[in-house]
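So the structure is just underneath, and the comments pick up after that.
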Amino acid sequence: MGYALPAVSNAAKPQTAITPTRADNYQDWYQEVIKAADLAENSDVRGCMVIKPWGYALWENVQRVLDGMFKATGHVNAYFPLFIPVSYLEKEAAHVEGFAKECAVVTHHRLEARDGKLVPVGELEEPLVVRPTSETIIGASFAKWVQSYRDLPLLINQWANVVRWEMRTRLFLRTAEFLWQEGHTAHATSEEAVEETMKMLGVYAEFAEKWMAMPVIQGEKTAGERFPGAVTTYCIEAMMQDRKALQAGTSHFLGQNFAKASDIKFQSDKGQVEHAWTTSWGVSTRLIGGMIMTHADDDGMVCPPRLAPEQVVIIPVVQKPEDRDRVMAYCKALEAELEAQTFAGTPVRVHVDGRDMRGGDKAWQWIKKGAPIRLEIGPRDLEKDAAFMGRRDKGPKEKAGIGRAELVSTIATILQDIQDALYNRALAYRTQFTRTIDTKEEFYAFFADPPKKKESDPTPIHAGFVLAHFNGDPALEAKIKDDLKVTVRCIPIDKAIGGEPGTCPFTGQPSKQRVVWAKSY
RNA sequence: CGGGGCGUAGCGCAGUCUGGUAGCGCACUUGGUUCGGGACCAAGGAGUCGCAGGUUCAAAUCCUGUCGCCCCGACCA
């Protein structure tokens, strides 16, 4: 990796592994972190990304932990088709409206060579849509599976890829194809379905905070932001380092809308035939984008220890060839000792980087990849039975010696300490840029962008979150979106955030509680 | 799809206005010197200048078209 300085260099500025920095150009910084950390790259297919091993390993850890949480709450996995008959999608009016514009459609089933080119032939009688989400195709199965109240609740999850033909894409945050999980459940009563919706929202919030070290606000979406076809949509919202909000997960109470569309009916214990009540909920590879924008810094990625593909990287420092074998042997032995330790329910993930390269280069590669702990071990450490440790939550030069015995016995504590430090830093950041505002003037002033000199200048860092009262009028929300590109991210569930009833600063009308306003991804 | 920016060696870029036959930094290879660490010296390999046409004795450079990427907007997990 090169460290060529930009054309306009600033001598006072410390050298960083990533250029531009977050402050210089946030969007470019984001792309550069992904590249420098080897997380993903753009593919030749427009809008689609290649997730590289380091990025995919993060996703695998997300999957493993979430899957465990889903199982623990009584869900089971299944798999449904990638292709959805167009007629299925047509069944729910709002759903059609929401997704029709971004569907990839399969119309043919064969290719023929003509003039050296392959052309599609064999037109399908009914076109198939590549799933943008699976409510309708899963609903068709549910309709067959459910006859009696004894068949309920039905608690299903699937891990899958989906396609949404987006106009504009960004690695991890919005790609034409992405990986996700979608939970789909059916219940006998509205209450039970609502309870499920909230339970899974809670699972997402817990995962985000405990595992990703990403503080989130749980809340309900306004009508304008609701999932197409849902009765209510709940979400977790996180603040990124450009202070924009990222919707990191959603949980929908679908009422009987999809049950009616897909004919999911059951006979109740009183002998009545009723439509079931359904929910759906999902998180996607967007979470990786959230992790990057929450924790990464001007030296690259910072992986939260609990999800890091490698939690400890051991870098043997060998100056003389004759030292090589014993240093490597020591590193291997330490690796085995550390791997015998447990952190967050799994053996500590340790990697010995024995590549024949300069130690400094190796160290910087792992800094850019965001490995939580680096251990640099040379002949002198062997004599002291110790290692030189660098923590990714601290500066690259802040390294300190630590005895082997202490290191091994406290490794889990250290990893958790880094995990906590990342969470606390992110929470402090969110707190610092969250304001409670009670007048329209202050609200508009807060969100006003400084003027750009040129069209091509980078977008300035945004203002942050505002907690303000709101009368709930969709037209008012639309007006504010128009004026400032600011929307209601959610109506927070937590009373400590939502506060007491008050007055809407835009209309003077009564407001039940404060809502979270921000610019968003 | 509209506005702006940009495609030149693996990466980052200069050269384009004012056509003259391609360069810099990092990375890579080799040799040497260093050695608790994003080293130094020397030599070297690597580019049909996004693609396709056109103008010209001559095109990275001018003209036309086209593809792709990034930013801003509309739309969205």
Side-chain angles (χ1 to χ4, degrees), chain A residues 1-7 9 15-20 25-28 30-32 35-36 41-47 97-102 132-133 162-182 204 221 224-225 227-228 233 235-237 245-252 280-287 289-290 299 315-320 323 327 357-368 374 376-382 384 386-388 390 396-397 399 401 449 452 454-460 481-482 485 487 520-521:
Chain A
M1 261 303 164
Y3 296 96
L5 289 168
S9 82
Q15 192 177 23
T16 56
I18 304 293
T19 42
N25 186 334
Y26 192 83
Q27 292 308 328
D28 282 358
Y30 176 75
Q31 306 272 351
E32 286 302 317
K35 198 190 289 183
E41 61 193 24
N42 276 305
S43 78
D44 291 343
V45 185
R46 186 197 194 113
E97 203 179 318
F99 287 108
K101 292 187 293 289
E102 51 191 43
T133 180
V162 285
V163 169
R164 297 183 187 174
W165 213 262
E166 299 289 349
M167 295 176 185
R168 205 175 136 206
T169 59
R170 254 195 274 248
L171 290 173
F172 289 117
L173 297 175
R174 173 163 297 107
T175 45
E177 180 191 14
F178 58 94
L179 307 183
W180 79 347
Q181 62 62 219
E182 45 182 328
Y204 288 155
K221 284 293 189 191
E225 301 274 328
F227 175 76
T233 286
C235 61
I236 53 173
E237 296 280 333
L246 182 78
Q247 178 175 309
T250 50
S251 185
H252 314 291
S280 69
W281 27 274
V283 297
S284 70
T285 34
R286 172 178 256 204
L287 291 179
D299 287 324
I315 302 168
V317 179
V318 183
Q319 311 297 352
K320 302 182 196 110
D323 289 334
V327 170
M357 294 170 49
R358 302 202 136 260
D361 291 354
K362 261 192 256 189
W364 276 98
Q365 282 187 10
W366 290 110
I367 288 170
K368 285 184 281 194
R374 300 181 315 280
E376 301 178 359
I377 297 176
R380 257 184 267 164
D381 298 305
L382 264 61
K384 285 184 290 188
F388 224 58
K397 304 286 182 197
K399 291 180 282 191
D449 271 339
K452 288 190 194 181
K454 283 191 313 188
E455 260 319 300
S456 53
D457 279 351
T459 312
K481 183 177 182 182
D482 216 38
K485 295 166 188 75
T487 50
S520 72
Y521 276 95

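Within every chain, numbering begins at 1; the chains are lettered A, B, ... in the order of the sequence lines, protein sequences first and strands thereafter.
For the pair A:W364 CH2 and B:G36 C1', the interatomic distance rounds to 16 Å; values are reported in whole Å. For the pair A:Q247 CD and B:C75 C1', the interatomic distance rounds to 14 Å; values are reported in whole Å. At whole-Å resolution of the value, OH in A:Y521 and C1' in B:C71 are 12 Å apart. Taking atom CZ on A:R168 and atom C1' on B:G5, their separation rounds to 13 Å, with Å as the unit. One can place CD of A:Q27 at 14 Å from C1' of B:C69, the figure rounded to the nearest angstrom.
Residue contacts for A:L173: at a heavy-atom cut-off of 4.0 Å it reaches a base atom on one of the strands shown. When heavy atoms are screened at a 4.0 angstrom cut-off, A:D381 is found touching base atoms of the nucleic acid.
Not counting sequence neighbours, the partners of A:K399 by the salt bridge (charged side-chain N to carboxylate O under 4.0 Å, His left out) test are A:E376. In terms of the salt bridge (charged side-chain N to carboxylate O under 4.0 Å, His left out) criterion, A:D361 has no residue partners (sequence neighbours excluded). Under the rule for a salt bridge (charged side-chain N to carboxylate O under 4.0 Å, His left out), A:E182 has no partner lying at least two apart in sequence or in another chain. With sequence neighbours excluded, the residues forming a side-chain contact (heavy atoms from CB on, under 4.5 Å) with A:P20 are A:D24, A:N25, A:D28, A:E32, listed by chain and number. With sequence neighbours excluded, no residue forms a salt bridge (charged side-chain N to carboxylate O under 4.0 Å, His left out) with A:E177.
Considering only side-chain N and O atoms, A:K35 lies under 4.0 angstrom from the phosphate OP1 or OP2 of B:G12. A:R164 has no side-chain polar atom (N or O) that falls below the 4.0 Å cut-off from OP1 or OP2 of B:C75. Using a 4.0 Å cut-off, no side-chain N or O of A:N25 falls inside it from OP1 or OP2 of B:C70. Of the side-chain N and O atoms in A:Q31, one or more sit less than 4.0 angstrom from OP1 or OP2 of B:C71.
Along RNA chain B, the nucleotide closest to A:A248 and the one closest to A:K485 are compared, and the more 5′ of them pairs with A:K485.
Comparing B:C70, B:A74, B:A77 against the side chain of A:S284 picks out B:A77 as the nearest. For A:R170, taking side-chain heavy atoms from C-beta onward, the closest of the listed nucleotides B:C72, B:A77, B:C70 is B:C72.
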Can you pull every protein N or O that's under 3.5 Å from an N or O on nucleotides 39-42 of chain B?
{"residue": "B:A39", "atom": "N7", "partner": "A:R358", "partner atom": "NE", "Å": "2.8"}
{"residue": "B:A39", "atom": "N7", "partner": "A:R358", "partner atom": "NH1", "Å": "3.4"}
{"residue": "B:A39", "atom": "N7", "partner": "A:R358", "partner atom": "NH2", "Å": "2.3"}
{"residue": "B:A39", "atom": "N6", "partner": "A:R358", "partner atom": "NH2", "Å": "3.1"}

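Results of the side chain to side chain donor-acceptor pair (under 3.5 Å) test with A:T233 over A:Q247, A:K221, A:H252 single out A:H252 as the only residue that passes.
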